[in-house]
There are 2 protein chains.
Amino acid sequence: MTEISAKKQRIYQEAARLFQDRGYAATSMRAIAGAVDLEVSSLYSHIRSKEELLQEICFRTAGQFMDAMQAIRRKWDNPVRQLEEIIRFHTRLALQDPTSATVFSDEWKHLGPEEVKSFVSMRRNYEQQFLEILVQGQRAGLIRDLPRHWIMHTIISGLAWLYRTQHPVPPDEQEHLIQTLLAMNLHGIIKSQNV
Amino acid sequence: MTEISAKKQRIYQEAARLFQDRGYAATSMRAIAGAVDLEVSSLYSHIRSKEELLQEICFRTAGQFMDAMQAIRRKWDNPVRQLEEIIRFHTRLALQDPTSATVFSDEWKHLGPEEVKSFVSMRRNYEQQFLEILVQGQRAGLIRDLPRHWIMHTIISGLAWLYRTQHPVPPDEQEHLIQTLLAMNLHGIIKSQNV
DNA sequence: GTCTATAACTTGATAGAC
DNA sequence: GTCTATCAAGTTATAGAC
């Protein structure tokens with residue numbers, strides 16, 4: 001039972017917002033303290049260090065992606081459907097918690113050497129599973145025989161604007177957005193289908 | 001005729017590499033000085049400040065994108081061909097100078113307030129021109145009637161992995177990569193064309 | 001142009017009173 | 001848990017000798 005005090009949660013939340021806006025390295029403990037109306041030294045009653053804040057955000061979000069990937073592969077066996085669900089998950093997470101998504105995506109390099117190793121290893125695992133889905137889709141003749149690494153990076157990277165740009169899509173447009181993203185990634189944007 | 005000494009160029013180059021690896025805020029003048037085998041104070045014989053280094057990289061790359069956009073719109077009038085050329089340019093620049101592309105894309109927020117304003121204004125101009133191409137393509141019935149902002153962000157964001165990931169694609173694979181990116185963006189990855 | 005020395009300031013983190 | 005006070009180290013940048 002890990003009890004997390006309300007104040008501790010507040011600190012994590014404000015830190016994440018500052019990391020998103022200014023980046024980890026440009027965010028001082030004084031800035032975080034100011035955001036939660038405390039003196040710097042008081043922060044250390046709740047957290048061990050600045051880096052601990054970054055670790056929590058990065059690995060919590062990494063865990064969410066790993067869990068989603070595993071759940072999707074268990075629930076469906078059609079690789080195209082699995083891809084659809086992955087795009088769905090990325091989209092929902094990006095819209096629901098763009099702050100954590102940005103910090104997870106852009107600030108992990110400021111983790112300590114050990115943590116970077118662990119983080120990169122998790123990401124490699126995630127990408128490996130993504131590639132396996134593409135292999136299955138290509139073997140089944142459902143997905144074009146394009147280089148899988150390029151497909152994967154283009155899809156994942158193509159979703160990153162959802163958290164990086166300021167415009168949060170309102171909740172009632174979320175399903176429309178997802179349908180559009182699926183259409184673009186799966187069928188492209190060209191009308192005439194003379195391929 | 002602005003003459004740029006070899007040493008000054010070396011400083012810019014090493015600074016860009018360090019900004020790419022560690023981020024602007026986490027890169028010290030000492031690190032830059034060390035990379036070019038000088039003492040910190042000697043740097044100031046060649047440059048005015050740390051931020052000047054960032055400014056040069058960001059605005060030089062921004063200028064390249066603006067120039068390319070203008071040249072493409074002058075040279076072709078088919079909007080789909082214009083999109084193709086834009087994707088081509090992004091790809092070539094990302095492979096040829098991934099360091100500048102990364103700093104341009106990720107570190108502009110550390111510019112001073114005035115420079116940020118100018119930078120964002122250039123980007124808005126670029127995006128406006130991109131959207132106009134999509135409008136023309138949709139009016140001509142060539143491009144699907146999907147929300148144009150979402151199309152634009154997905155395409156641009158989907159190319160960002162080209163400079164963010166470590167794997168530089170070897171020069172002899174560049175044309176294959178471009179063809180694949182065009183195929184994915186324009187026609188998607190799904191084989192069956194029952195749309 | 002490059003150096004040593006240093007100014008002026010900010011950084012993350014700690015000690016100890018309350 | 002929160003504070004004041006403080007530390008040691010690091011930051012960008014400058015002054016002035018050579």
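So that the names make sense, note that chain A is the first sequence line, chain B the second, and so on, each numbered from 1. Nothing here was measured: the structure is a model prediction, and the numbers come from that model.
Here D:dT2 presents its P atom at 12 Å from CD1 of A:I47, a figure rounded to the nearest Å. As rounded to whole Å, 15 Å separates atom P of C:dT11 from atom NE2 of A:H110. Distance A:L38 CG to D:dT2 P: 5 Å, rounded to the nearest Å. To the nearest angstrom, P of D:dA13 lies 16 Å from NE2 of B:H46. Taking atom OH on A:Y44 and atom C1' on D:dA5, their separation rounds to 15 Å, with Å as the unit. In this structure, A:I32 places its CD1 atom 10 Å from P of C:dA13, rounding to the nearest Å. For A:L43 and C:dG12, the CG to C1' distance is 11 Å, given to the nearest whole Å.
The shortest distance between side-chain heavy atoms of A:F65 and A:H90 falls below 4.5 Å. Between A:L83 and B:I189, some side-chain heavy-atom pair lies under the 4.5 Å cut-off.
Nearest-nucleotide positions on DNA chain C for A:V40 and B:E39 put B:E39 closer to the 5' end.
Across all strands, B:S5 comes closer than 4.0 Å to no nucleic acid atom at all (heavy-atom distances).
Checking C:dC3, D:dT12, D:dC3 against every side-chain atom of A:S42, the shortest atom distance belongs to D:dC3. Considering only side-chain atoms of A:S41, the nucleotide from D:dA15, D:dA5, D:dA13 that sits closest is D:dA5. For A:S45, whose side chain is taken as the heavy atoms from C-beta onward, the closest listed nucleotide among C:dG12, D:dT2, D:dT4 is D:dT2. Listed nucleotides: C:dA13, C:dC3, D:dT12. Nearest to the side chain of B:M29: D:dT12.
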Yes or no on side chain to side chain contact (heavy atoms under 4.5 Å, CB included) for A:E107 and A:Q20, after CA distance, side-chain angles and deciding distance? CA-CA 8 Å; A:E107 305 299 327; A:Q20 175 186 31; over 6 Å; no
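Put simply, B:Y163 and A:M152 are part of two different groups of oily side chains (I, L, V, M, F, W, Y) that touch within less than 4.5 Å, one to the next.
Between A:R17 and A:E14 there is a salt bridge, with a side-chain nitrogen of the basic residue lying less than 4.0 Å from a carboxylate oxygen of the acidic one.
Here B:K50 does not reach the OP1 or OP2 of D:dT11: none of its side-chain N or O atoms lies under 4.0 Å away.
Residue-to-nucleotide contacts include a donor-acceptor pair under 3.5 Å from the side chain of A:R30 to the base of C:dG12.
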